[in-house]
Amino acid sequence: MKKGILLSLIAGIMLIVSACSNNAIEPDSQFGNKMQFFNVTDQNGDKFSQKDMKGKVYIADFIFTNCETVCPPMTYNMSTVIDELEKDGVKDYSVISFSVDPKNDTPKKLKDYVKQYNVPPNKWTLLTNYDFKFIKQYAEDNFKSIVAPPPKGSTQVTHGTSFYLIDQNGKIVKSYSGQDAGDKKFPKSEIVADVKTLVEEGPIED
């Protein structure tokens, strides 16, 4: 009898805790940090800062337009996520891509680059007009990701290939493989489901 009462009490407490928390998505152990401030330029030549992200769920990545290897599949994969979210009628989300080659990636180049993927123009923001030192440090400090200059004689910047989920308050929640690589497969369904969850349930609680 006592055991039954105890089990009922534990179950009740768990229900209360669950009801008081909307953390259906647990942040990866390496994340949970809020993005640091930035104030740069988007593909339309307009100023864009971390404050402009407030209130929307974002998926972020790092790319550059002259990339010959990982960026084309990553960018295509990101476009399929947008296609799926649009098909499902999801509203309060967007995508943000940081150029890791800001010296060469002008706003016009970025605008022409993203046009190839036929996604709604208001759903994808591509950023530039900062120096290499800034993006190298920003990627490392915020996303725990590497950005390294091209080897001698090359134009190819080394950078991470992950996608990152960011909540409505600018908190980095988790990362995903941005392409198929070895045993890791691009998890489109998981990304779409997580974006929907954050849009519906709100930001991760502190």
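Treat the numbers as computed from the prediction; the structure is a model and nothing was measured. Reckoned from all heavy atoms, side chains included, excluding hydrogens, waters and symmetry mates.
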Open item on the list: Using the rule that Ile, Leu, Val, Met, Phe, Trp and Tyr join whenever any side-chain heavy atoms are under 4.5 Å apart, tell me whether Val70 and Ile146 fall into a single cluster.
Closed with: no

Task: Residues that Phe163 engages under ring pair (Phe, Tyr, Trp, His ring centres under 6.0 Å), provided they are two or more places apart - done: Phe186

- [ ] Kindly write out the residues that satisfy side-chain hydrogen bond (donor to acceptor under 3.5 Å, both in side chains) with Thr65, not counting sequence neighbours, or none if the list is empty.
- [x] Asp105

- [ ] Report whether Ile82 and Leu198 are members of the same hydrophobic cluster (ILVMFWY, side-chain heavy atoms less than 4.5 Å apart, transitive linking).
- [x] yes

Open item on the list: I'd like to check the side chain to side chain contact (heavy atoms under 4.5 Å, CB included) partners of Lys184; sequence neighbours left out, ordered by chain and number.
Closed with: Ser177

Task: Reported OH-to-CD distance for the pair Tyr113 and Gln116, which is rounded to 0.5 angstrom - done: 7.0 Å

Task: With Tyr93 via ring pair (Phe, Tyr, Trp, His ring centres under 6.0 Å) - residues at least two apart - done: none

Open item on the list: Distance check, rounded to the nearest 0.5 Å: Ile191 atom CD1 versus Glu84 atom CD?
Closed with: 11.5 Å

TODO: Establish whether Met78 and Phe98 are linked, either directly or via other cluster members, by ILVMFWY side-chain heavy-atom contacts under 4.5 Å.
DONE: no

Task: Pair Asp83 + Lys87, salt bridge at N-O below 4.0 Å - done: no

- [ ] May I ask you to check whether over 12 heavy atoms, not counting those of Tyr76, lie within 6.0 Å of atom OH?
- [x] no

- [ ] Can you label the angle between the Tyr138 ring and the Phe143 ring as parallel, tilted or perpendicular, going by 30° and 60°?
- [x] tilted

Task: Heavy-atom donor-acceptor pair, Ser154 side chain to Pro150 backbone, under 3.5 Å - done: no

Task: Between Thr125 and Tyr58, a side-chain donor and acceptor under 3.5 Å - done: no

Task: Distance-minimising heavy-atom pair for Glu86 and Pro120 - done: OE1-CG, 3.8 Å

- [ ] Find the distance between CE (Met74) and CG (Asp180) and round it off to the nearest 0.5 Å.
- [x] 12.5 Å

Task: Reported OG-to-NZ distance for the pair Ser79 and Lys123, which is rounded to 0.5 angstrom - done: 15.0 Å

Open item on the list: The test is salt bridge (charged side-chain N to carboxylate O under 4.0 Å, His left out); show your working for Glu190 and Lys174 and say whether it passes.
Closed with: CA-CA 11 Å; Glu190 181 185 354; Lys174 62 191 292 189; 3.0 Å; yes

Task: CG-OG distance between Asp61 and Ser175, expressed to the nearest 0.5 angstrom - done: 12.5 Å

TODO: Go through the structure and list residues passing salt bridge (Lys or Arg N to Asp or Glu O under 4.0 Å) with Lys144, not counting sequence neighbours.
DONE: none

Task: NZ (Lys136) with more than 12 external heavy atoms under 6.0 Å - done: no

Open item on the list: Regarding Trp124 and Ser97, do their side chains bring together a donor and an acceptor under 3.5 Å, going by distance alone?
Closed with: yes

Task: Single-linkage hydrophobic cluster, 4.5 Å side-chain cutoff, Ile204 and Leu165 together - done: yes

Open item on the list: Quick check for you: to the nearest 0.5 Å, what is the distance between Lys111 atom NZ and Thr128 atom OG1?
Closed with: 14.5 Å

Task: Same apolar cluster (I L V M F W Y, side chains within < 4.5 Å links), Ile96/Tyr117 - done: no

Task: Flag, side chain of Gln179 to backbone of Thr161, donor-acceptor distance under 3.5 Å - done: no

Open item on the list: If I compare all heavy atoms of Gly55 with all of Asp92, which pair ends up nearest, and what's the gap?
Closed with: O-CB, 4.5 Å

Can you give each donor-acceptor pair under 3.5 Å made by side-chain atoms of residues 29-42, sequence neighbours left out, with the distance rounded to 0.1 Å?
unit_1: Asn33; atom_1: ND2; unit_2: Asn142; atom_2: O; d: 3.0
unit_1: Gln36; atom_1: OE1; unit_2: Asn142; atom_2: ND2; d: 3.4
unit_1: Thr41; atom_1: OG1; unit_2: Asn129; atom_2: ND2; d: 3.2
unit_1: Asp42; atom_1: OD1; unit_2: Asn44; atom_2: N; d: 2.8
unit_1: Asp42; atom_1: OD1; unit_2: Gly45; atom_2: N; d: 3.1
unit_1: Asp42; atom_1: OD1; unit_2: Asp46; atom_2: N; d: 2.9

